[in-house]
Asks: 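I'd like to ask you about the structure that follows.
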Amino acid sequence: MIDPQLLREQPDVIRRSQEARGASVGLVDDAIEADARRRAAITEFEKARAEQNAFGKTVAKAPKDEKQALVAQAQQLAARVKELSQAATDAEAAFDQVVGAIANPIVDGVPAGGEEDFVTLRTHGEPKSFDFEPRDHAELGELLGAIDIARGVKVSGSRFYFLKGIGARLELALMNMGLDLALAEGFTPLITPTLVRPEVMAGTGFLGAHADEIYYLPADDLYLTGTSEVALAGFHSDEILDLEGGPLRYAGWSTCYRREAGAAGKDNRGILRVHQFNKLEMFSYVLPEQAEAEHEALVGFQERMMQACELAYRVIDVAAGDLGQSAARKFDIEAWVPTQGAYRELTSTSNCTTFQARRLDIRTRTESGKTTPVATLNGTLATTRWIVAILETHQQADGSVVVPAALRPYLGGLEVLEPLS
RNA sequence: GGAGACGUCGCAUAGUCCGGUCGAGUGCACCACCCUGCUAAGGUGGAGUCCCCUUAAUGGGGACCGAGGGUUCAAAUCCCUCCGUCUCCGCCA
């Protein structure tokens, strides 16, 4: 949710943001109007309520013989209060609805436009070239006995898979390497619940436009999370945090579930796009003025991981229209996937400024003792998808795969993954 | 899954049976000051959150006793639903 004060005092900031996102600018004026109506309704109700409260005290103190007449009067007052109360509630709900539809104002510098309008901030490493015909990760996974797609489909349907043998170990190695980096940077590891209540799902903003991406269990009214970000954001909901010692950083590990409803026919081969995968996610709670610095820090950690995996990648500044409701800025890191001849997203890190925290009621205390919403940020540190880029990038002509040096300690010193035979 | 108990302002509790004098007492912790003087204690005062109006600072009002409804002129207190916690029993990886 956006800052209502910003809406009142600097609506142009929000208008510009909406425009850059290709979202409704008119919504801003609707919200300002709804805000005015809401405040008028509240004032009216509260006046009547104050009157009723005062009257109630005289009723309580009145002698018995006068009570009857006073109560009759009070009944009329009560009826009016009830009406005004309802009106105020309605006006608040109307305001919440309009204001809730406005996306987080973007950070200055975010490129305007849609999916194609990203700006490449930097690239690292050269796309790998081969003097043989490279195999794609699905084929390599099969040769190595690392990925069993056929059996995944047999057991659970399309877009499911088994990680087997060295494939399973490779994923755990990636996660552990990420966790070690996170620990060194002051992150607290969390293994999070993957089933959450509707309020938490809504609070983190995942029940909006992309609600059909989410698995839902009607028998228990619970949602399966597509990222541990949901649980990590909910972790401190309704709390006042002490951030004097710096950012509160968490590294959440969880399995992630995505319906991929809108992705029919896209990335059908291999495990690039699947219904279930594992992810190590960074999540930071910081003072609002530190949010952009923390954002840079998170993307820095991601780059260290990419470099440790010896992948060629680029960092992009995602355009406003492709940010989603909560993010004010998003950096994606895309790794080169040789058989696709393209950079594919391996990580994403979002600065949600105070937008998410406002909705989840996560605050901190300022020096004057007032409370104020914190900023939240999140970003990927490792996921199953990385296996795609690692296998394809480091493959050799015989189908074996060289293990990046930094990853070897996590695989018992293994230097090369060999085909089964 | 069955039976019972419970959910009050940071923590622990009083208040709920018999609705108004309860936005709410006490202890601990916290903050300020005073006293005292040393690895103490005592005294006085102050503290919550959210919202609305107002202001230069300020002041006024409303809401909040797990959440949401209901009854009533009036609800922490009565009724309903939900959520959660604890104890016992059952079941289970």
Asks: Closest nucleotide of RNA chain B for Arg38(A) versus for Lys370(A): which of these residues is on the 5' side?
Replies: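 Result: Lys370(A).
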Asks: Can you tell me the Watson-Crick or wobble partner of U36(B), both distances under 3.5 angstrom?
Replies: none
Asks: Given the rule in the side-chain hydrogen bond (donor to acceptor under 3.5 Å, both in side chains) test, do Asn378(A) and Thr349(A) qualify, once you have shown the distances and angles that lead to the verdict?
Replies: CA-CA 5 Å; Asn378(A) 61 274; Thr349(A) 179; over 6 Å; no
Asks: Please measure how far the P atom in A47(B) lies from the corresponding atom in G66(B), and state the result in whole Å.
Replies: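 So the two P atoms sit 24 Å from each other.
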Asks: By the 4.0 Å heavy-atom rule, please label Gln76(A) as base, sugar-phosphate, or nothing.
Replies: nothing
Asks: Using purine N1 to pyrimidine N3 plus N6-O4 or O6-N4 for Watson-Crick, or N1-O2 and O6-N3 for G-U wobble, each under 3.5 Å, what pairs with U26(B)?
Replies: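 The base-pairing partner of U26(B), which may sit in any strand shown, is A12(B).
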Asks: Using the closest heavy atom to pick a nucleotide of RNA chain B for each, name whichever of Ile240(A) or Ala50(A) lands nearer the 5' end.
Replies: Ile240(A)
Asks: Would you measure the distance from the P atom in C17(B) across to the matching atom in A12(B) and give it in whole Å?
Replies: 24 Å
Asks: Report the glycosidic orientation of A40(B): syn if within 90° of 0, anti in every other case.
Replies: anti
Asks: For U72(B), which nucleotide in any strand shown is its Watson-Crick or wobble partner with both distances under 3.5 Å?
Replies: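 Because no pair has both required distances under 3.5 Å, U72(B) counts as unpaired.
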Asks: With a non-hydrogen cut-off below 4.0 angstrom, is Phe45(A) in contact with a base, only sugar-phosphate, or nothing?
Replies: sugar-phosphate
Asks: Counting only Watson-Crick pairs (N1-N3 plus N6-O4 or O6-N4) and G-U wobbles (N1-O2, O6-N3), all under 3.5 Å, who is the partner of C6(B)?
Replies: G84(B)
Asks: Evaluate the side-chain proximity of Val81(A) to Phe45(A): yes if any heavy-atom separation is below 4.5 Å, no if none is.
Replies: yes
Asks: In whole angstrom, give me the gap between the P atoms of G43(B) and U81(B).
Replies: 49 Å
Asks: For C17(B), give its Watson-Crick or G-U wobble partner with both distances under 3.5 Å, or none.
Replies: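 WC or wobble partner does not exist here.
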Asks: Under 4.0 angstrom, heavy atoms only, what part of the nucleic acid is Asp361(A) near: base, sugar-phosphate, or nothing?
Replies: nothing
Asks: Taking the six-membered ring of Phe162(A) as reference, does the cationic atom of Arg151(A) (NZ for Lys, CZ for Arg) lie under 6.0 Å from its centre and within 45° of its axis?
Replies: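 No, Arg151(A) and Phe162(A) do not form such a contact.
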Asks: Does one side chain, of Ser228(A) or Glu281(A), offer a donor that lies under 3.5 Å from an acceptor on the other?
Replies: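 There is no such pair between these side chains.
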Asks: Check whether any side-chain heavy atom of Arg258(A) sits under 4.5 Å from a side-chain heavy atom of His275(A), and report yes or no.
Replies: no
Asks: Nucleotide range of RNA chain B contacted by chain A, 5' to 3', under 4.0 Å to a heavy atom?
Replies: G20(B) to G84(B)
Asks: Determine the interatomic distance between C1' on A24(B) and the same-named atom on C79(B); round to the nearest Å.
Replies: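 Going atom to atom, C1' in each nucleotide, I get 23 Å.
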Asks: What contact category does Arg80(A) fall into here, base, sugar-phosphate, or nothing, at under 4.0 angstrom with non-hydrogen atoms?
Replies: nothing
Asks: For A47(B), give its Watson-Crick or G-U wobble partner with both distances under 3.5 Å, or none.
Replies: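 Check on A47(B): unpaired, no WC or wobble geometry under 3.5 Å.
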Asks: Quick one: do Glu392(A) and Arg344(A) make a salt bridge, cutoff under 4.0 Å?
Replies: no
Asks: Considering only atom P, compute the distance from C92(B) to G19(B) and round it to an integer number of Å.
Replies: 49 Å
Asks: Going by side chain to side chain contact (heavy atoms under 4.5 Å, CB included), Thr347(A) matches just one of Phe301(A), Trp386(A), Phe331(A). Which one?
Replies: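 Filter result, single survivor: Trp386(A).
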Asks: Roughly how far apart, to the nearest Å, are G20(B) and A74(B) at atom P?
Replies: 14 Å
Asks: With both distances kept under 3.5 Å, what pairs with G1(B), Watson-Crick or G-U wobble?
Replies: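 Matched G1(B) with C89(B) under the 3.5 Å cut-off.
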Asks: What class does the angle between the rings of Tyr250(A) and His236(A) fall in, given that below 30° is parallel, 30 to 60° is tilted and above 60° is perpendicular?
Replies: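 Because their plane-to-plane angle lies in the 30° to 60° range, the rings of Tyr250(A) and His236(A) count as tilted.
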Asks: Categorize Arg8(A) for me: base, sugar-phosphate, or nothing, with a 4.0 angstrom heavy-atom threshold over every strand shown.
Replies: sugar-phosphate
Asks: Could you work out the separation of U77(B) and G23(B) based on their C1' atoms and round it to a whole Å?
Replies: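 About 14 Å, rounded to a whole number of Å.
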Asks: Please state the P separation for the pair G68(B) and A75(B) - nearest whole angstrom.
Replies: 15 Å
